Amino acid sequence: MLSNKRIQELELVMEFEKVEECFKEVSSWIENVGRKRLKETVSLDDSLEMLLQAQKQFKEFDLVASEYCKRGQEALKKMNQWEDFSFVDAHSYRVKLQTYEDQLEEFCTQLDETRHRVCETVRLYEFFDKVRQDICYTEEGVKS
């Protein structure tokens, strides 16, 4: 039984190394690309036309970013089996997993918040643009 347990532990370590490569790729993308692009989206332009362009660019980024989030989450699911093992060396692996999980969760949350903010900003600008047009039409009707 002890031998079988040790084999399982070694298999988990090997699995962790595979998953860690995925995490390193996702983590690197988040740090080098994802966070920078989210920061760029913080200031949205003043015109509806520019805002719609920014929304289009964000949607393209969002597709890629969502894929990285999905890959990271799938890798985390693979490692859920670590919860069942209590061998001594697992602590350092759990710490690494927790770090990756925290980074991924924070980025995915920021992505969701930015997606919502961009969408709501576009809706507001469209509403104000429609109101402005209605006011112009009303003023023209009054002058006639």
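Quick caveat, the model's predicted, so the values are computed rather than measured. In this chain, residues are counted from 1 in sequence order.
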Nearest 0.5 Å, please: how far is [atom2] in [Y] from [atom1] in [X]?
| X | Y | atom1 | atom2 | answer |
| --- | --- | --- | --- | --- |
| Glu120 | Leu124 | CD | CG | 6.5 Å |
| Leu97 | Asp102 | CG | CG | 10.5 Å |
| Glu101 | Leu104 | CD | CG | 8.0 Å |
| Thr41 | Glu113 | OG1 | CD | 13.0 Å |
| Phe128 | Arg123 | CZ | CZ | 12.0 Å |
| Glu15 | Leu10 | CD | CG | 13.5 Å |

List the steps, then state whether side-chain contact (heavy atoms from CB on, under 4.5 Å) holds for Arg115 with Ser66. CA-CA 11 Å; Arg115 183 184 308 117; Ser66 294; 3.5 Å; yes
Nearest non-hydrogen partners of Ala75 and Phe23, listed with the distance: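 Closest heavy-atom pair between Ala75 and Phe23: CB-CZ, 3.8 Å.
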Looking at every non-hydrogen atom in both residues, tell me the closest pair between Arg37 and Gln57 and how far apart they are.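 In this case the closest contact between Arg37 and Gln57 is NH2-O, 3.6 Å.
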Sequence neighbours left out, what passes side-chain hydrogen bond (donor to acceptor under 3.5 Å, both in side chains) with Glu49? Give chain and number order.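 Here no residue qualifies.
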When you look at Phe107 and Leu38, which way does the side-chain contact (heavy atoms from CB on, under 4.5 Å) test go after all the steps? CA-CA 9 Å; Phe107 178 77; Leu38 283 179; 3.5 Å; yes
What do the steps show when you test Glu31 against Arg35 for salt bridge (Lys or Arg N to Asp or Glu O under 4.0 Å), and what is the final call? CA-CA 6 Å; Glu31 292 304 317; Arg35 290 193 194 284; 2.9 Å; yes
Do [X] and [Y] make a side-chain contact, defined as non-hydrogen atoms from C-beta onward lying under 4.5 Å apart?
| X | Y | value |
| --- | --- | --- |
| Lys96 | Phe16 | yes |
| Gln103 | Thr99 | no |
| Val64 | Trp29 | yes |
| Tyr125 | Leu52 | no |
| Thr114 | Arg117 | yes |
| Glu106 | Gln110 | yes |

Where the side chain of Ser28 meets the backbone of Lys24, is there a donor-acceptor pair that is under 3.5 Å apart?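 Not a single qualifying donor-acceptor pair exists.
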Any donor and acceptor pair, going by atom type alone, linking the side chain of Asp62 with main-chain N or O of Phe58 inside 3.5 Å?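 No, Asp62 side chain to Phe58 backbone: no donor-acceptor pair under 3.5 Å.
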Among all residues two or more places apart in sequence or in another chain, which pass the side chain to side chain contact (heavy atoms under 4.5 Å, CB included) test with Glu25?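 Once residues adjacent in sequence are excluded, the partners of Glu25 under the side chain to side chain contact (heavy atoms under 4.5 Å, CB included) criterion are Tyr68, Arg71.
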Linking I/L/V/M/F/W/Y whenever their side-chain heavy atoms sit closer than 4.5 Å, directly or via other members, would Val26 and Val33 fall into one cluster?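 Yes, Val26 connects to Val33 through the hydrophobic network.
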